[in-house]
2 protein chains.
Amino acid sequence: MSKPLPVLDVIETSCCAPLARAPIGEADAERVAAMFKALGDPVRLRLFSKVASSEGGEACVCDIQDVGVSQPTVSHHLKKLREAGLLESERRGSWVYYRLAPSALAVMADLLAPVRA
Amino acid sequence: MSKPLPVLDVIETSCCAPLARAPIGEADAERVAAMFKALGDPVRLRLFSKVASSEGGEACVCDIQDVGVSQPTVSHHLKKLREAGLLESERRGSWVYYRLAPSALAVMADLLAPVRA
DNA sequence: GGCTGACATAGACAGATGTCAACATAGGTA
DNA sequence: TACCTATGTTGACATCTGTCTATGTCAGCC
């Protein structure tokens with residue numbers, strides 16, 4: 001197995017086999033679906049992409065909140081992304097900075113990895 | 001631009017830059033979010049994984065419908081996966097076979113590719 | 001202290017979503 | 001023809017979700 005040890009409470013560095021390798025289990029499906037669901041909204045996807053692509057790996061809310069919805073709605077979506085384990089946040093002075101959760105991208109990319117015949 | 005020509009009606013073989021490379025545009029976000037949204041339900045994720053991991057690359061509905069919900073609900077979810085461009089279906093005799101849409105996995109995996117610093 | 005800016009929370013609301021039972025359809029078999 | 005099996009469709013329902021306005025909280029500045 002390429003999964004040495006389950007590290008943290010959320011999905012860390014690895015979760016399960018690629019979706020195309022073996023049928024995902026019921027419990028794993030629940031957790032993984034929550035991650036994909038978080039990206040399943042256009043506004044959240046844009047916020048996530050803005051954070052992920054921002055210089056220095058983090059972005060202040062004020063830098064990314066121009067997505068066509070109200071400020072509370074932005075805050076609501078960022079919370080969802082945090083709860084899904086995709087983003088982390090930290091307050092510094094007046095501003096709150098968001099950055100990618102360490103292995104969020106890798107976990108999802110692994111799940112979607114094509115299985116060479 | 002690395003997007004020579006939009007080929008089909010859905011996202012074909014490529015859509016846009018990885019989420020972590022540049023902020024995704026509004027229109028692209030709409031289309032991509034629909035794909036992730038389709039995987040954002042545990043039942044759909046399991047159905048998708050069952051099809052994707054099935055031998056020969058395709059599976060009859062009767063082989064995958066044991067996911068804890070009624071048959072109409074399974075049918076409903078498979079339709080959603082089809083509409084999202086993730087699965088294709090074909091009727092052969094009494095049975096309907098589902099298989100992975102050609103580049104579905106690759107498109108999503110590319111979007112989630114980490115951008116090496 | 002009071003004020004202002006940045007962000008989060010609470011509550012309300014319309015619309016979307018997941019589920020089921022009932023029905024429809026399509027193909028095989030007799 | 002009639003019947004059965006496999007699957008899709010319809011309509012109804014409760015719940016979830018995205019959005020807003022209003023309000024709260026926290027930090028800096030006067």
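Letters A, B, ... are given to chains in the order of the sequence lines, protein chains preceding strands, and every chain is numbered from 1.
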OP1 or OP2 of C:dC7 under 4.0 Å from side-chain N/O of A:Lys79: no

Rounded distance (Å) that lies between atom C1' of D:dT7 and atom CZ of B:Arg92: 15 Å

N or O in side chain of B:Ser94 less than 4.0 angstrom from D:dT5 OP1/OP2: no

Phosphate OP1/OP2 of C:dT17 contacted by B:Lys37 side-chain N/O (<4.0 Å): yes

Selected nucleotide, minimal atom distance to A:Ser70 side chain, candidates D:dG8, D:dT21, C:dC7: D:dT21

Length of the CZ-P vector between A:Arg44 and D:dC16, whole Å: 15 Å

For A:Lys50, the option from A:Leu45, A:Val67, A:Asp63 that meets side-chain contact (heavy atoms from CB on, under 4.5 Å): A:Val67

Touch class at under 4.0 angstrom, heavy-atom based, for B:His77 against every strand present: sugar-phosphate

Interatomic distance, B:Arg46 CZ vs C:dG18 P [rounded to whole Å]: 16 Å

Touch class at under 4.0 angstrom, heavy-atom based, for A:Ser75 against every strand present: base

Sugar-phosphate, base or nothing in reach of B:Tyr97, heavy atoms under 4.0 Å: nothing

Side chain to side chain contact (heavy atoms under 4.5 Å, CB included) between B:Cys62 and B:Trp95, worked out: CA-CA 8 Å; B:Cys62 57; B:Trp95 296 273; 3.7 Å; yes

From CG (A:Leu111) to CZ (A:Phe36), nearest 0.5 Å: 5.5 Å

Steps toward salt bridge (charged side-chain N to carboxylate O under 4.0 Å, His left out) verdict (A:Arg92, A:Glu58): CA-CA 12 Å; A:Arg92 282 208 297 277; A:Glu58 63 179 14; 2.5 Å; yes

Nucleotide C:dC20, atom P - distance to NE2 of B:His76 in whole Å: 11 Å

Minimum-distance pair of heavy atoms, taken over all atoms of A:Arg99 and A:Gly57: CB-O, 3.2 Å

Distance in angstrom units between A:Leu78 CG and C:dC7 P, rounded: 10 Å

Separation of atom CG in B:Leu39 from atom P in C:dG18, rounded to whole Å: 12 Å

Euclidean distance, atom CD of residue B:Glu90 to atom P of C:dA26 [Å, nearest integer]: 17 Å

Pair of N/O donor and acceptor under 3.5 Å linking C:dA6 base with A:Gln71 side chain: no

Euclidean distance, atom CZ of residue A:Arg91 to atom C1' of C:dT9 [Å, nearest integer]: 13 Å

5'-most by nearest nucleotide on DNA chain D - A:Pro72 or B:Thr73: B:Thr73

B:Lys80 vs C:dT17: side-chain N/O to OP1/OP2 distance below 4.0 Å: no

